[in-house]
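Working notes, beginning with the structure itself.
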Amino acid sequence: MHPKAANPKEFIESKWKHAFTTFFDLDRNGLIEWKDFKDLIEVIGEVRGRRSDFFLTARLCLPDIWQKMTEAIGKEEEDIITLSDWIQLCESSRKSVREPAWQKAYVEYMFKLLDESGDHLVDQAEYVQVLGYFGVNRKDANHCFDQFAFNHQGQLIHAIDKKKFHVLWKQFFHSEDPASPGNWLLGKKFKSQE
């Protein structure tokens with residue numbers, strides 16, 4: 001039997017806050033703005049090259065994700081998304097029968113970003129490198145990868161495919177179970193995890 005989080009709502013919201021501050025609010029001003037997305041596109045261009053597939057993907061995907069996020073929360077594209085808005089967005093996504101357009105677009109984008117080699121797998125080196133762009137240190141990223149990258153027999157594997165990535169993503173954003181491997185996907189150990 002898996003341990004239950006002492007406070008399931010607090011546990012899942014801590015994961016959502018981590019996603020907000022680490023992967024969206026790049027200037028750390030407590031808001032998600034179009035500027036955060038533009039800055040991310042620029043960072044990808046500097047790190048991966050302005051002619052790389054990753055930069056081109058970011059230029060195409062991130063405006064679409066922003067538009068879908070603002071639409072889902074009932075805001076105009078020039079508006080901002082507060083942490084409270086983000087929590088509401090994640091909660092709505094969690095309760096939805098179908099995956100919302102913004103989250104579907106974002107998970108696809110993240111998989112492409114993490115799959116640097118284009119082999120349709122995310123290996124540990126790729127994972128660690130990309131999380132480093134978002135301020136997750138190598139030691140933590142390596143540790144987190146080892147917590148979710150295993151096969152059905154429980155053996156560590158060196159890469160995950162898109163199907164496994166989607167399962168882990170859903171666990172990260174939807175599961176209140178502290179033992180879910182997906183809790184580790186975005187590079188952090190949460191208080192309710194052992």
Side-chain angles (χ1 to χ4, degrees), residues 15-94 96 98-123 125-136 141 144 160-163 165-174 182 185-188:
K15 295 191 297 180
W16 297 340
K17 288 174 186 174
H18 170 69
F20 179 93
T21 59
T22 305
F23 297 93
F24 289 99
D25 181 19
L26 299 182
D27 61 7
R28 306 289 190 257
N29 69 350
L31 305 167
I32 304 174
E33 306 165 90
W34 170 240
K35 179 187 177 309
D36 293 309
F37 284 71
K38 287 192 317 190
D39 290 349
L40 179 56
I41 292 168
E42 288 304 311
V43 167
I44 291 169
E46 289 170 18
V47 172
R48 297 268 178 101
R50 296 197 180 282
R51 293 187 179 180
S52 71
D53 287 342
F54 306 102
F55 178 69
L56 299 175
T57 298
R59 280 189 49 202
L60 291 173
C61 293
L62 288 174
D64 184 50
I65 293 165
W66 175 249
Q67 184 268 326
K68 287 176 174 150
M69 283 176 69
T70 54
E71 183 178 291
I73 201 77
K75 299 218 175 202
E76 299 296 321
E77 287 185 46
E78 61 276 357
D79 285 341
I80 57 171
I81 296 175
T82 66
L83 180 58
S84 176
D85 294 332
W86 172 252
I87 298 292
Q88 179 185 343
L89 193 63
C90 290
E91 185 63 41
S92 174
S93 169
R94 185 170 177 242
S96 179
R98 293 181 30 209
E99 187 174 34
W102 75 268
Q103 197 162 74
K104 187 174 183 175
Y106 195 67
V107 70
E108 292 295 321
Y109 163 74
M110 281 298 289
F111 186 82
K112 287 178 187 176
L113 184 64
L114 287 162
D115 179 21
E116 183 177 23
S117 67
D119 63 356
H120 306 289
L121 297 169
V122 175
D123 66 39
E126 292 170 326
Y127 174 81
V128 170
Q129 180 183 14
V130 171
L131 263 62
Y133 302 158
F134 294 97
V136 178
C144 288
I160 60 170
D161 62 15
K162 193 174 195 177
K163 183 178 177 182
F165 185 80
H166 278 262
V167 168
L168 294 167
W169 185 272
K170 188 167 187 158
Q171 288 175 353
F172 183 89
F173 281 96
H174 294 201
L185 185 62
L186 298 183
K188 182 177 177 181

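Note that the structure is a prediction, hence the values are computed from the model and not measured. Position 1 is the first residue of the sequence; numbering continues from there.
A heavy-atom distance below 4.5 Å is found between the side chains of Ser117 and Glu126. The shortest side-chain heavy-atom distance between Trp66 and Ile81 falls under the 4.5 Å cut-off. Side-chain contact between Leu89 and Trp102 is present, with heavy atoms from C-beta onward closer than 4.5 Å. In this structure, the side chains of Trp169 and Leu186 come closer than 4.5 Å at one or more pairs of heavy atoms. Using a 4.5 Å heavy-atom cutoff, the side chains of Trp34 and Pro63 are in contact. Counting heavy atoms from C-beta outward, Glu108 and His166 have side chains that approach closer than 4.5 Å. Side-chain contact between Tyr133 and Glu46 is absent, with no heavy-atom pair separated by less than 4.5 Å. Using a 4.5 Å heavy-atom cutoff, the side chains of Glu116 and Phe54 are in contact.
The ring pair (Phe, Tyr, Trp, His ring centres under 6.0 Å) check on Phe111 picks up Phe165, with sequence neighbours excluded. Looking at residues two or more places apart in sequence or on another chain, you find a ring pair (Phe, Tyr, Trp, His ring centres under 6.0 Å) between Phe134 and Phe23.
Other residues, nucleotides and ligands contribute more than 12 heavy atoms inside 6.0 Å of the CG atom of Asn29. By the neighbour-count criterion of 12 heavy atoms within 6.0 Å, atom CZ of Arg59 is sparsely surrounded, having that number or fewer from other residues, nucleotides or ligands. Shown here is Glu78, whose CD atom has more than 12 heavy atoms of other residues, nucleotides or ligands within 6.0 Å.
At least one donor-acceptor pair closer than 3.5 Å links the side chain of Tyr127 to the backbone N or O of Leu185. Checking side-chain atoms of Lys75 against main-chain N and O of Ile80 turns up a donor-acceptor pair under 3.5 Å. No side-chain donor-acceptor contact under 3.5 Å links Thr22 to the backbone of Ala19. Panel note: side chain Asp64, backbone Lys68; no donor-acceptor pair is recorded below 3.5 Å. The backbone N or O of Leu113 sits less than 3.5 Å from a side-chain atom of Arg48, completing a donor-acceptor pair. When atom types are taken as modelled, the side chain of Trp86 and the backbone of Trp16 share a donor-acceptor pair closer than 3.5 angstrom.
Sorted by first and then second residue, the salt bridge (charged side-chain N to carboxylate O under 4.0 Å, His left out) pairs involving residues 22-40 (not counting sequence neighbours) are Lys35-Asp39.
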Please assess Glu99 against Lys170 for the test salt bridge (Lys or Arg N to Asp or Glu O under 4.0 Å), listing each intermediate value before the final yes or no.
CA-CA 9 Å; Glu99 187 174 34; Lys170 188 167 187 158; over 6 Å; no
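In summary, of the residues considered (Ser96, Ser93, Cys90), a side chain to side chain contact (heavy atoms under 4.5 Å, CB included) with His174 occurs for Ser93 alone.
Taken to the nearest 0.5 Å, the CD1 atom of Ile32 stands 13.0 Å off from the CG atom of Asp79.
Taking the ring centroids of Tyr106 and Phe24, they lie under the 6.0 Å cut-off.
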